[in-house]
Amino acid sequence: MDLVFYISAAVAVFSTLMVITRFSAVHALLYLVVSFFSVALIFLVLGAPFVAALEIIVYAGAIMVLFVFVIMMLNLGPRAQEQERAWLKPNVWLGPSILCIILVSELIYVVVGAGPANLTGSEVTPKQVGMALFGPYFLGVELASLLLLAGLVGAYHIGRRVRHSVRRTEDES
Amino acid sequence: MIESVPMEHGLALAGVLFGLGLVGVLVRRNILFMLMSVEIMLNAAGLAFVVAGSRWGQTDGQIMFIFILTMAAAEVAVGLALAMQFYHHFMTLDADAARTMRG
């Protein structure tokens, strides 16, 4: 089962790399779904089946569907891909990539230097998670529900098509 | 279940994924890609929590992942609504189009 961890880790890193280098938004989205699937597999191997299911249902399902809907409504064509290609020149990504590689290598150095500690691999069942969620973390659940309500109201308010601003842009152009 | 994967490897994977998301936010100019990169970073943070929870066999890591998931869902709903408004207003998804205030 150790091999499953390393293979899905490699798939996750590769597909995430593809996400940030694609020119087409839909291609990037599909690679992102693959990345979420491989991370879900890692969760399953780590003994967290409940979180693995949530990863697929909420991340790869609900959130990605939101992205797909928005891409459909924005109606991006080949022109947008050409624009992405023009934006993603090596002199744009070289500097930030080098800085991030330095940061990640420092992070890995610090983590590895902490000494060996094997993962237990003991499964944490959904029942245990539910007991803790509605026991000591009850306040957190209530706050999460408030956050979701605020997100719902905020998205509805912002997402309304405001007529006058659209007309103003058309007048200017 | 796994037998002998060191915890560092799980944390290193989370770090690499987070770094890739950070590169995405820094490099891309399209708002949609920046939102996707933020999702990658949040997911990597959640992975670190689950790995740490698995190290000690505790539920707390998974519960933190559920909270991160909730936050990511709310964030992406508001963010995509903002992106749609942005597109209707500027007719582009270039984040640099909004570099002046009261644009």
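Source: prediction; values computed, not measured. Numbers restart at 1 for each chain; the letters A, B, ... are given by sequence-line order, proteins then strands.
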Would you give the length of the straight line joining atom CZ of B:R28 to atom CE of B:M36, rounded to the nearest 0.5 angstrom?
8.5 Å
Tell me, for A:L147 versus chain B, whether the close heavy atoms (under 4.5 Å) come from the side chain, the backbone, both or neither.
both
Options B:L32, B:L69, B:V76, ranked by heavy-atom pairs under 4.5 Å with chain A, top entry:
B:L69
Top contributor to chain B interface from A:V92, A:L133, A:V141 [non-hydrogen pairs under 4.5 Å]:
A:L133
Chain B heavy atoms under 4.5 Å from A:S105: which part of the residue, side chain, backbone, both or neither?
neither
Examine whether an atom of B:L13 lies under 4.5 Å from a heavy atom of chain A, and if so say whether it belongs to the side chain, the backbone or both; otherwise answer neither.
side chain
Of all of B:Q58, B:M71, B:E39, B:E75, which one pairs up most often with chain A through heavy atoms under 4.5 Å apart?
B:E39
Note: vs chain A, highest number of non-hydrogen pairs under 4.5 angstrom among B:L22, B:L47, B:L35 is B:L47
So if I apply the ring-ring contact (aromatic ring centres under 6.0 Å, His included) rule between A:Y59 and each of A:F37, A:F36, A:F43, A:F67, which one comes out positive?
A:F36
Does any backbone or side-chain atom of A:L66 lie under 4.5 Å from a heavy atom of chain B? Answer side chain, backbone, both or neither.
both
Chain A shares the most heavy-atom pairs under 4.5 Å, among B:L11, B:L26, B:D94, with B:D94
Taking the six-membered ring for Trp, are the ring centroids of B:H9 and A:F5 within less than 6.0 Å of each other?
no
Looking only at heavy atoms and a cut-off of under 4.5 Å, which of B:V16, B:N43, B:L93, B:L82 has the most pairs with chain A?
B:N43
Using a 4.5 angstrom heavy-atom cutoff, name the option from A:L29, A:I71, A:V129 with the most pairs to chain B.
A:V129
Heavy-atom cut-off 4.5 Å, strictly under: side chain, backbone, both or neither for B:V51 against chain A?
both
Near-ring test B:F49/B:F65, centroid separation under 6.0 angstrom:
no
Select, from B:G21, B:A72, B:S37, the one with the greatest count of heavy-atom pairs under 4.5 Å involving chain A.
B:A72
Atom OH of A:Y6 with >12 non-hydrogen neighbours under 6.0 angstrom:
yes
